[in-house]
Amino acid sequence: MIERVRAVLVTRDHTMLVIRRTRPGIPEYWVLPGGGVEPTDESREAALHREIHEEIAGKADIIRLLHTMESDDERQLFYLAHIATWSFDDRTGPEFSTEGRGEYALEEIPLTPAGLDGIDLKPEDIVHVLRGAIRAGSLGVEASL
């Protein structure tokens, strides 16, 4: 089974970092930073730290596992994390230099229902999880935002 890790990266300003993907022939969509767990990763959390470093040259404090999604051949683990610094210009991931992968643009969106409504975040299930967590106040962001 393939395992992937993704981070809900909450900034000090109560925004969330997302990556806007633009690919030829496909409507643009957004994803959370992360990627596949590799055999050389010591743990899922280590894989997430590596992916955050590769994709946004950032360092995050992983708070907790937020959600898990499974299909027959893939497991995705979504972690809540706080991030203070990042630099999209210093990213090093192999996907950025691979021809035909399209564009990756880092964006900061409000971590609110309205912020989520403004983007097509994939997978859709994580949007429902985030909405519930915002309402419950379990992301460290006020539910009234």
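FYI, side chains are in, hydrogens and waters are out, and symmetry mates aren't considered; it's all heavy atoms of this structure.
- To the nearest 0.5 Å, atom CD of residue Glu124 and atom NE2 of residue His128 are 4.5 Å apart.
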| Between Arg6 and Leu77, does a side-chain contact (heavy atoms from CB on, under 4.5 Å) hold up when you go through it step by step? | CA-CA 6 Å; Arg6 300 232 173 253; Leu77 298 107; over 6 Å; no
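- You'll find the side chain of Trp86 reaches within 4.5 Å of the side chain of Glu108, heavy atoms only.
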| message | Please determine whether side-chain contact (heavy atoms from CB on, under 4.5 Å) holds for the pair Leu130 and Met16, giving the CA-CA distance in whole Å, both sets of side-chain angles, and the decisive distance to 0.1 Å. | response | CA-CA 11 Å; Leu130 289 172; Met16 178 174 67; 4.1 Å; yes
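- Side-chain contact between Pro33 and Ile19 is present, with at least one heavy-atom pair separated by less than 4.5 Å.
- Figure legend: Arg64 and Tyr79 shown without cation-pi pairing, the cationic atom not lying both under 6.0 angstrom from the six-membered ring centre and within 45 degrees of its axis.
- Contact of the Val8 side chain with the Val10 side chain is registered, since non-hydrogen atoms from C-beta on lie closer than 4.5 Å.
- Side chain to side chain, Asp73 and Ser71 meet the donor-acceptor criterion of an N or O pair below 3.5 Å.
- Distance CH2/Trp30 to NZ/Lys122: 10.5 Å, rounded to 0.5 Å.
- A distance of 9.5 Å separates OG1 of Thr11 from NE2 of His82, quoted to the nearest 0.5 Å.
- Between Arg131 and Pro113, the shortest heavy-atom contact is NH1-CB, 3.5 Å.
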| request: Start with the C-alpha gap between Leu66 and Leu139, add the side-chain angles, then the distance that decides, and say whether side-chain contact (heavy atoms from CB on, under 4.5 Å) holds. | output: CA-CA 9 Å; Leu66 184 64; Leu139 297 177; 4.1 Å; yes
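- Residues Glu51 and Glu54 meet the side-chain proximity criterion, which asks for heavy atoms closer than 4.5 Å.
- Rounded to the nearest 0.5 Å, atoms CD1 (Ile52) and CD1 (Ile83) are 6.0 Å apart.
- Between the side chains of Arg20 and Tyr29, no donor-acceptor pair of N or O atoms lies under 3.5 Å.
- Side-chain atoms of Gln76 and Glu3, non-hydrogen and from C-beta on, never get closer than 4.5 Å to each other.
- With a 4.5 Å cut-off on side-chain heavy atoms, Leu32 and Leu9 do not count as touching.
- Contact annotation: the side chain of Leu48 never approaches that of Arg44 to less than 4.5 Å [non-hydrogen atoms, C-beta and beyond].
- When hydrophobic clusters are built by joining Ile, Leu, Val, Met, Phe, Trp and Tyr residues whose side-chain heavy atoms come closer than 4.5 Å, directly or via intermediates, Met1 is not grouped with Met69.
- At distances below 3.5 Å, not a single donor-acceptor pair connects side-chain atoms of Asp90 with backbone N or O atoms of Ser87.
- In this structure, Thr15 and Leu111 have side chains that are not in contact, with every pair of non-hydrogen atoms separated by 4.5 Å or more.
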| message | For Arg4 and Val37: C-alpha separation, side-chain torsions, deciding distance, then whether side-chain contact (heavy atoms from CB on, under 4.5 Å) applies. | response | CA-CA 6 Å; Arg4 299 187 190 285; Val37 176; over 6 Å; no
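- Gly34 approaches Glu55 most closely through the heavy-atom pair O-OE2, 2.6 Å.
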| query | Under the side-chain hydrogen bond (donor to acceptor under 3.5 Å, both in side chains) criterion, do Glu103 and Thr22 qualify, and how do the steps go? | reply | CA-CA 5 Å; Glu103 294 181 27; Thr22 307; 5.0 Å; no
